[in-house]
Amino acid sequence: LLSVCAFAGIAQAGVIDDAVKRGTLRVGMDPTYMPFEMTNKRGEIIGFEVDLLKAMTKAMGVKLELVSTSYDGIIPALLTDKFDMIGSGMTLTQERNLRINFSEPFIVVGQTLLIRKELADKVKSYKDLNSADYRITSKIGTTGEMVAKKLIAQAKYSGFDNEQEAVMDVVNGKADAFIYDAPYNVVAVNKAGAGKLVFLDQPFTFEPLAFGLKKGDYDSINWINNWLHQIREDGTYDRIHAKWFKS
Ligand code: ARG
């Protein structure tokens with residue numbers, strides 16, 4: 001009985017406890033998701049979620065280590081201990097939640113569309129794209145891809161490893177529409193050059209973004225959720241949000 005209790009005690013400590021002992025929290029992310037995690041000209045990874053993670057690790061008293069990981073393999077990488085936690089703009093889906101645990105959401109987003117300017121009169125919603133005449137694109141392994149295959153199933157779909165390449169396909173007329181999370185498209189439509197793309201900015205899915213942890217680590221989930229409540233009330237969240245999002 002004693003050894004069973006001792007084992008249970010260790011098992012319940014979790015990745016946050018380990019990080020405190022080690023002095024570092026390792027967070028897996030694919031830094032291509034504006035304005036949450038992206039690489040600046042000096043090669044530094046910056047963004048809204050990066051700033052949240054900096055505040056989180058500061059409260060923990062540890063260093064933040066960002067582990068760049070392709071989005072497609074990010075859950076397997078978590079499950080094989082390449083890092084402690086996923087912090088990569090990840091939508092909490094019921095399908096993913098069967099494989100990993102999630103913290104409470106830190107923001108809610110939804111899918112939107114960037115379409116070829118020439119289609120502006122014909123295409124007013126994702127429903128208008130649901131025909132074999134249209135080619136749509138998104139990023140491999142994301143909810144954009146899942147939603148494209150589910151809600152716009154008649155269209156021809158091709159995915160990219162990188163959001164930017166997928167957007168360029170629409171800019172160059174090789175694809176008709178890019179389906180992706182609203183905050184990314186807000187930034188992308190301005191970057192890709194005004195007049196080339198039309199932004200259908202009404203989100204048509206409900207997507208809470210949250211931190212992902214291995215199953216069973218409730219101690220760490222508890223710490224993160226309580227920290228999220230704290231920063232929402234003490235002004236930290238609003239300050240960081242205002243830095244990266246207009247209005
Ligand atoms: N929210 C979307 C998803 O969970 C896209 C996230 C992409 N994140 C990234 N770091 N590129 O699939």
Side-chain angles (χ1 to χ4, degrees), residues 26-40 43-54 56 64-79 82-114 126 136-152 157-169 177-189 191-192 201-213 240-241 244-245:
R26 303 168 307 163
V27 179
M29 64 165 55
D30 186 1
T32 58
Y33 183 63
M34 306 180 293
F36 289 73
E37 42 262 340
M38 57 217 183
T39 309
N40 69 12
E44 299 153 342
I45 301 174
I46 58 163
F48 172 62
E49 191 166 13
V50 175
D51 280 355
L52 284 180
L53 289 165
K54 282 181 181 167
M56 184 195 285
L64 172 63
E65 186 187 324
L66 299 176
V67 182
S68 286
T69 308
S70 84
Y71 201 74
D72 201 26
I74 205 161
I75 290 180
L78 172 75
L79 297 178
K82 301 290 184 294
F83 41 77
D84 305 314
M85 171 177 123
I86 296 171
S88 196
M90 182 168 274
T91 303
L92 190 175
T93 70
Q94 276 54 59
E95 190 187 17
R96 287 171 177 161
N97 207 173
L98 291 173
R99 301 165 72 194
I100 61 173
N101 283 163
F102 285 97
S103 70
E104 282 176 20
F106 56 86
I107 200 164
V108 175
V109 305
Q111 294 301 307
T112 57
L113 291 158
L114 294 178
Y126 73 91
I136 55 175
T137 182
S138 189
K139 177 175 163 102
I140 296 171
T142 65
T143 47
E145 179 170 272
M146 294 168 205
V147 170
K149 289 179 178 172
K150 203 176 161 191
L151 297 184
I152 319 176
Y157 176 80
S158 57
F160 286 87
D161 277 323
N162 190 292
E163 289 93 338
Q164 227 165 313
E165 287 174 50
V167 173
M168 281 316 290
D169 244 34
F178 172 67
I179 173 170
Y180 215 53
D181 302 23
Y184 183 92
N185 280 345
V186 171
V187 184
V189 73
K191 270 193 125 186
D201 63 355
Q202 279 309 303
F204 55 92
T205 59
F206 174 78
E207 303 200 21
L209 307 186
F211 301 111
L213 287 95
I240 295 172
H241 189 275
W244 296 100
F245 298 94

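As the structure lists them, so they are numbered: ligands from 1, and atoms in each ligand from 1.
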> Taking it one step at a time, do Y180 and L114 satisfy side chain to side chain contact (heavy atoms under 4.5 Å, CB included)?
CA-CA 8 Å; Y180 215 53; L114 294 178; over 6 Å; no
> Just which atoms of ligand 1 are under 4.0 Å from any heavy atom in E163?
11 (N)
> Going by heavy atoms in the side chains, are I100 and M90 under 4.5 Å from each other?
yes
> What are the two closest non-hydrogen atoms of V108 and F206, and how far apart are they?
CG1-CE1, 3.5 Å
> Of all the atoms in ligand 1, which lie at a distance below 4.0 Å from a heavy atom belonging to L209?
1 (N)
> Yes or no on side chain to side chain contact (heavy atoms under 4.5 Å, CB included) for T32 and Y71, after CA distance, side-chain angles and deciding distance?
CA-CA 9 Å; T32 58; Y71 201 74; over 6 Å; no
> Tell me the protein heavy atom at minimum distance from atom 12 (O) of ligand 1, and give that distance in Å.
T143 N, 2.8 Å
> Using 0.5 Å steps for rounding, measure from the CD atom of E95 to the CE atom of M146.
5.5 Å
> State the atoms of ligand 1, each with its element, that fall below the 4.0 Å cut-off from a heavy-atom position in T32.
11 (N)
> Which protein heavy atom lies closest to atom 8 (N) of ligand 1, and at what distance to 0.1 Å?
S88 O, 2.9 Å
> Considering heavy atoms of the protein only, find what lies nearest to atom 9 (C) of ligand 1 and give residue, atom and distance to 0.1 Å.
Y33 CB, 3.3 Å
> Measure M146 to ligand 1 on non-hydrogen atoms and call it side chain, backbone, both or neither using the 4.0 Å cut-off.
neither
> Numbering the atoms of ligand 1 from 1, which are under 4.0 Å from a heavy atom of R96?
3 (C), 4 (O), 12 (O)
> Decide yes or no for I136 and Y157: does some side-chain heavy atom of the first lie under 4.5 Å from some side-chain heavy atom of the second?
yes
> Students should be able to answer this: which protein heavy-atom is nearest to atom 7 (C) of ligand 1, and at what distance?
Y180 OH, 3.2 Å
> Please list, in number order, the atoms of ligand 1 under 4.0 Å from a heavy atom of D181.
1 (N), 2 (C), 5 (C)
> Number the atoms of ligand 1 from 1 as they appear, then name those within less than 4.0 Å of a heavy atom of M90, with their elements.
4 (O)
> Any N or O of G89 that comes nearer than 3.5 Å to an N or O of ligand 1?
yes
> I need the nearest protein heavy-atom contact for atom 3 (C) of ligand 1: residue, atom name and distance, please.
Y71 OH, 3.2 Å
> Just to check, does K139 reach to within less than 4.0 Å of ligand 1 when the distance is taken from its heavy atoms?
yes
> Should E49 and F106 be marked as a side chain to side chain contact (heavy atoms under 4.5 Å, CB included) after you check the CA-CA gap, both sets of side-chain angles, and the distance that decides it?
CA-CA 9 Å; E49 191 166 13; F106 56 86; 3.2 Å; yes
> Hey, does M29 have a side-chain heavy atom less than 4.5 Å from the side chain of F83?
no
> Between K139 and E163, is the salt bridge (charged side-chain N to carboxylate O under 4.0 Å, His left out) condition met? List the steps.
CA-CA 6 Å; K139 177 175 163 102; E163 289 93 338; 3.4 Å; yes
